[in-house]
*Asks:* 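A single structure is presented below for examination.
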Amino acid sequence: MGVVTLTTSTSYLQYSVMSVCYLFSSRLVFLSHRMFEQGSKMFFCCCGDAMPQRVMLQGAGPGAQVPAHLTRVPISLIGTDADTDYSDKTVKGKVVRKGPLVSLASDNFILKTVIQEEDFPPKASSQNPSINVVLFGALAEDFSHAVDRGDSVVASGFAVGRSPTFNKDKLHPFNLLLSGDAACVYVSRPPPPPDPRSPPASKRSSALPAEGSRTKAPKYSYCRLDDLKAGSVVNTYGVVVFFKQPFKSRGTDFCSTLKITDQSNQKVGCTVFCEKLEDHPQVFQVGDIVRLHRVKVQSFNNSMTLVNTFGFSVLAFDGPEGGSIEPRTSSCSFHWDQEDRRTVEELRSWTSSQALLPLVPTTPLSAAQPKAYFDLTCQLLAKAPIDSSCTLLRVWDGTRCAHTLLKVIVEQNVTEGPSSFSKGRESLIASILVYDNHVESAVQLKPGDFLRIYNLRAIPGSSKAQGLSSSSSSRAEAEAEGVDHLLFHLHGGTAYGRGIRVLPENSQDVQELKRVMEAVPEEAEDHFSELNDSLMLEVWSTPPQCPAAEPTECSTERSCDHDTQPVTLSELKRSGPGRVHHVRVQLRSYEPHRLHQALKLYCSKCTKMQDVPDDDLLASLFSEEKDSEPCVFPPWALSGRVLIPGDSPTFPSRSLSVHLSTRLLCADKPRELIFLMGSTLEETCRLAAGYLNIVPVMSSGGHMTLLDLSAPFLFRGRKRYYGCKRCSEVTVREPEGVELIDEKVVAEALGVQLLQFVLLMKLELQDATDTLDVFLWSDAESFFGVSAEDVAANQEAQNRIRQTMDSLCPAGGSAGGRPWMDLCLTAYRAEDEAGQNQTCYQILQSTVTKPASTTSTTSTTSIGATVTR
DNA sequence: GATTAGGCTTTG
């Protein structure tokens with residue numbers, strides 16, 4: 001599998017915190033503090049300094065306005081008139097794509113962006129025109145830092161060139177090239193949306209110094225849990241290690257109980273009395289983090305406890321690292337700043353190091369074991385009172401319980417919500433009897449609510465064994481007989497945190513639950529219900545095999561020889577790394593959607609992976625080398641010239657300097673390998689039709705050398721080969737032998753560490769129990785039945801991948817229409833970019849078996865994204 | 001500016 005670390009890619013969330021402009025020596029200088037958020041780490045960096053200004057924020061100062069003598073040209077007119085002088089012209093557009101900053105040499109950069117015209121000239125019908133813009137040098141660097149997608153920019157001082165990617169991207173036949181002192185970009189940014197983490201300040205006119213507006217907010221200090229002094233009122237942060245949902249106290253309030261801890265390892269009990277439920281801590285599970293303001297420290301039984309006091313407020317957060325930091329609170333105004341954010345991050349990181357988080361937050365019905373106590377996240381479908389101390393809740397979570405679920409029969413017309421469901425759905429519904437104090441909270445619940453029920457007990461055995469035989473008329477009647485049935489009880493009292501909580505619709509857990517539920521097709525439910533044989537139930541507690549009404553063949557097969565039974569994704573997630581699993585799943589989604597981005601270059605030596613540069617970038621690398629300086633050629637090289645016929649007045653015929661290997665010439669193989677100097681990318685490609693191997697070279701310091709290794713070092717027909725910048729030690733030599741000249745031989749002669757084309761995709765798999773992100777990488781070629789090298793060079797290979805993905809995951813198709821895949825997965829540990837260990841999954845030894853679609857795989861017409869470079 | 005509870009060793 002190699003040693004490449006593949007982790008879920010971290011997206012760099014980037015936003016400008018503030019921009020300040022100074023007038024400095026009569027030149028405008030733009031200082032931008034930008035904040036980067038990367039996983040759990042935050043840092044600031046300052047870009048821009050007292051250098052001449054190249055990228056300017058409009059409205060920031062007098063010099064930042066577009067000079068009045070410049071006139072704007074519509075993007076559609078760029079390049080239409082060969083005589084146009086663009087030195088006094090501008091082009092305006094919105095940044096719709098922004099490429100990475102590519103480093104060419106230590107202080108030279110290149111960056112590609114696409115801008116789209118927004119308002120000029122107004123056009124109702126077709127799409128607004130857009131154009132590629134290539135920026136060079138410090139301008140590229142500044143642009144990379146200062147401009148975001150969505151910004152509106154005005155470019156001036158540009159040159160216009162033919163776009164080498166026009167055939168591919170159909171964007172614009174020309175592009176804008178910005179380099180040198182004259183080039184400038186003016187930026188204006190739409191006003192930022194309000195920060196959702198900073199709710200508007202309270203309208204209360206209260207003089208409370210507390211949770212006011214951000215500007216007036218006082219500095220809060222937080223007391224560590226080993227530093228609590230009895231009698232004081234403090235603010236504190238903690239990780240929840242135990243909690244009880246709010247329950248009615250004997251007094252006037254609801255009471256909730258927390259036990260929290262922090263880096264001091266002290267465990268401190270905390271009691272909250274509030275009349276209103278919404279003012280209580282919104283804690284959903286152990287590991288949640290709470291911030292408490294104004295709690296009184298009391299000594300009880302020789303330990304410190306916390307009780308809320310006047311002005312009390314609480315925020316709660318999810319516990320796992322990397323999750324969103326969205327405070328849960330009913331308060332409409334609260335103080336919240338970067339320091340709070342950092343504190344939560346630190347507690348999360350500490351929590352994970354202490355293994356305080358439960359491995360499995362809640363147990364799905366599919367994993368419920370007889371007699372076990374567990375927490376359940378589910379949706380309420382219906383409820384019915386049984387008697388004054390017992391209420392029936394009918395719930396489901398989209399998973400299938402391994403045991404038959406008992407249906408409790410209730411009197412007619414007492415059920416809130418549907419009294420029965422389709423046969424298939426019924427088989428997925430669990431009956432929960434809630435007792436005593438929980439009856440009162442059940443009254444508040446509405447069918448459709450998403451619930452978490454704490455300390456639920458699975459009651460096993462036959463209905464008779466539970467005293468619920470059909471002849472019994474006591475509390476409920478069960479229609480099922482047998483020994484393999486389950487019913488659930490929520491016992492009275494609040495011991496062990498027993499209780500019911502309604503989860504907010506926007507919570508992560510509810511989103512996850514919905515995904516699982518949506519993956520259960522109606523037909524499948526009915527299909528399931530036919531199979532009530534206990535042996536079959538055992539089998540069918542694993543993912544459904546053919547849930548669609550019209551059974552579809554499985555679209556992939558495993559070629560491995562592991563002797564292991566398929567598991568559900570939820571089971572797989574509960575087991576550790578270092579194992580191989582078989583799963584039967586559907587493809588829910590995949591990345592990248594633009595399939596050409598799945599193609600990467602991989603160095604087997606340093607194990608680094610990089611993107612394949614696009615033609616715009618390559619074209620600029622070639623064009624930079626047009627004017628070669630004088631050069632001493634190596635003694636083995638025979639020099640000559642080759643004529644490249646032109647195809648238009650813009651591209652006249654040119655003769656270029658070529659160098660041949662004496663050894664190959666003597667072997668009568670003059671066309672096997674040429675070293676070509678000063679060619680453009682286009683010319684190189686054209687010559688590649690006539691020469692087997694072309695190595696583009698340039699003169700540097702009076703000697704012949706390769707171009708920058710961002711460019712291919714070798715062209716072989718339509719194939720291009722790249723070298724690793726880190727691992728190559730370039731010297732231009734002729735190959736040793738003459739028998740076979742291929743990319744390996746050439747690379748070896750040139751001291752180039754050859755990069756390999758690979759395919760890398762992230763697939764989101766799903767079954768009835770869960771979803772899972774997996775990588776398709778080392779076995780991607782055998783999965784698709786194509787080589788990555790072919791994908792880089794030929795349309796048929798690209799079509800094959802596109803069609804395979806379309807058939808596994810049809811656009812706009814429902815889950816029911818997606819084929820099922822038998823896959824072999826391996827689970828392994830890898831470090832993410834923040835240095836945190838996480839479990840990753842990779843598809844191994846699995847192959848798509850069916851032709852991807854009914855359309856011909858040899859079709860040469862491609863629509864939409866292809867993997868063309 | 002009172003009162004509530006102060007986990008738990010698990011009924012139906």
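Proteins come first, then strands; the chains are lettered A, B, ... in the order of their sequence lines, and each starts at number 1. As the structure is a computational prediction, the values presented were derived from the model and not from experiment.
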*Asks:* Between dA5(B) atom C1' and Phe247(A) atom CZ, what is the distance in whole Å?
*Replies:* 6 Å
*Asks:* Rounding to an integer number of Å, can you tell me how far Lys296(A) NZ sits from dT3(B) P?
*Replies:* 10 Å
*Asks:* Check whether more than 12 heavy atoms from other residues, nucleotides or ligands sit under 6.0 Å from atom NZ of Lys573(A), and answer yes or no.
*Replies:* yes
*Asks:* Go through dG12(B), dG1(B), dT4(B) for me and flag the one nearest to the Phe310(A) side chain.
*Replies:* dG1(B)
*Asks:* Heavy atoms under 4.0 Å, any strand shown: does Arg457(A) hit a base, just sugar-phosphate, or nothing?
*Replies:* nothing
*Asks:* Rounded to whole angstroms, how far apart are CD1 on Ile459(A) and C1' on dT11(B)?
*Replies:* 9 Å
*Asks:* Of the residues in residues 260-281 of chain A, which ones touch DNA chain B at a heavy-atom distance under 4.0 Å?
*Replies:* Thr271(A), Phe273(A)
*Asks:* Leu406(A) has an atom CG; how far is it from atom P of dG12(B), in whole Å?
*Replies:* 15 Å
*Asks:* Can you measure Ile432(A) atom CD1 to dG12(B) atom C1' for me and round it to whole angstrom units?
*Replies:* 15 Å
*Asks:* Using the side-chain heavy atoms of Cys255(A), tell me which of these nucleotides is nearest: dA5(B), dG12(B), dG6(B).
*Replies:* dA5(B)
*Asks:* Tell me whether the ring of Tyr496(A) lies stacked over the dC8(B) base, given a 5.5 Å limit on centroids and a 30° limit on the plane angle.
*Replies:* no
*Asks:* Using ring centroids (six-membered ring only for Trp), state whether Tyr237(A) and Trp350(A) fall under 6.0 Å.
*Replies:* no
*Asks:* Is Arg515(A) salt-bridged to Glu512(A), going by a charged N under 4.0 Å from an acidic O?
*Replies:* yes
*Asks:* Of the listed nucleotides (dG7(B), dT10(B), dG6(B)), which one gets closest to any side-chain atom of Asn455(A)?
*Replies:* dT10(B)
*Asks:* On DNA chain B, check which nucleotide each of Tyr373(A) and Gly497(A) is closest to and give me the residue with the more 5' one.
*Replies:* Gly497(A)
*Asks:* Would Phe243(A) pass as stacked on dG7(B), i.e. its ring centre under 5.5 Å from the base's six-membered ring centre and planes under 30° apart?
*Replies:* no
*Asks:* Calculate the interatomic distance between Asn437(A) atom CG and dG12(B) atom C1'; express it in whole Å.
*Replies:* 13 Å
*Asks:* What is the distance, rounded to the nearest whole Å, between atom CG of Leu487(A) and atom C1' of dT11(B)?
*Replies:* 14 Å
*Asks:* Are the charged groups of Asp318(A) and Arg348(A) less than 4.0 angstrom apart, N to O?
*Replies:* no
*Asks:* Could you state the atom-to-atom distance from CG of Asn302(A) to P of dG6(B) in whole Å?
*Replies:* 18 Å
*Asks:* Out of Lys383(A), Lys407(A), Glu416(A), which one pairs with Arg394(A) under the side chain to side chain contact (heavy atoms under 4.5 Å, CB included) rule?
*Replies:* Lys407(A)
*Asks:* Does Gln263(A) CD have over 12 foreign heavy atoms under 6.0 Å away?
*Replies:* yes
*Asks:* For DNA chain B, which residues in residues 225-239 of chain A have a heavy atom at a distance below 4.0 Å?
*Replies:* none
*Asks:* With nearest nucleotides of DNA chain B determined for Phe242(A) and Gly251(A) from heavy-atom distances, which residue corresponds to the more 5′ nucleotide?
*Replies:* Gly251(A)
*Asks:* Donor-acceptor pairs are to be reported for all side-chain atoms of residues 497-504 of chain A against protein atoms at under 3.5 Å, with residues two or more places apart or in another chain.
*Replies:*
unit_1: Arg498(A); atom_1: NE; unit_2: Asn455(A); atom_2: OD1; d: 3.2
unit_1: Arg498(A); atom_1: NH1; unit_2: Gly492(A); atom_2: O; d: 2.4
unit_1: Arg501(A); atom_1: NH1; unit_2: Gln245(A); atom_2: OE1; d: 2.8

*Asks:* Before accepting this row, confirm whether a basic side-chain N of the pair Glu440(A)/Lys248(A) lies closer than 4.0 Å to the acidic partner's carboxylate O.
*Replies:* no
*Asks:* With a 3.5 Å cut-off and heavy atoms only, can you find an N or O donor on one side and an acceptor on the other between the side chain of Arg250(A) and the base of dT3(B)?
*Replies:* no
*Asks:* Mind checking whether His280(A) and Phe312(A) have ring centres under 6.0 Å apart?
*Replies:* no
*Asks:* Among Asp288(A), Asp509(A), Asp375(A), Asp397(A), which one satisfies salt bridge (charged side-chain N to carboxylate O under 4.0 Å, His left out) with Arg452(A)?
*Replies:* Asp509(A)
*Asks:* Compare the minimum distances between each of dG6(B), dT4(B), dG12(B) and the side chain of Lys244(A), then state the nucleotide with the smallest one.
*Replies:* dG6(B)
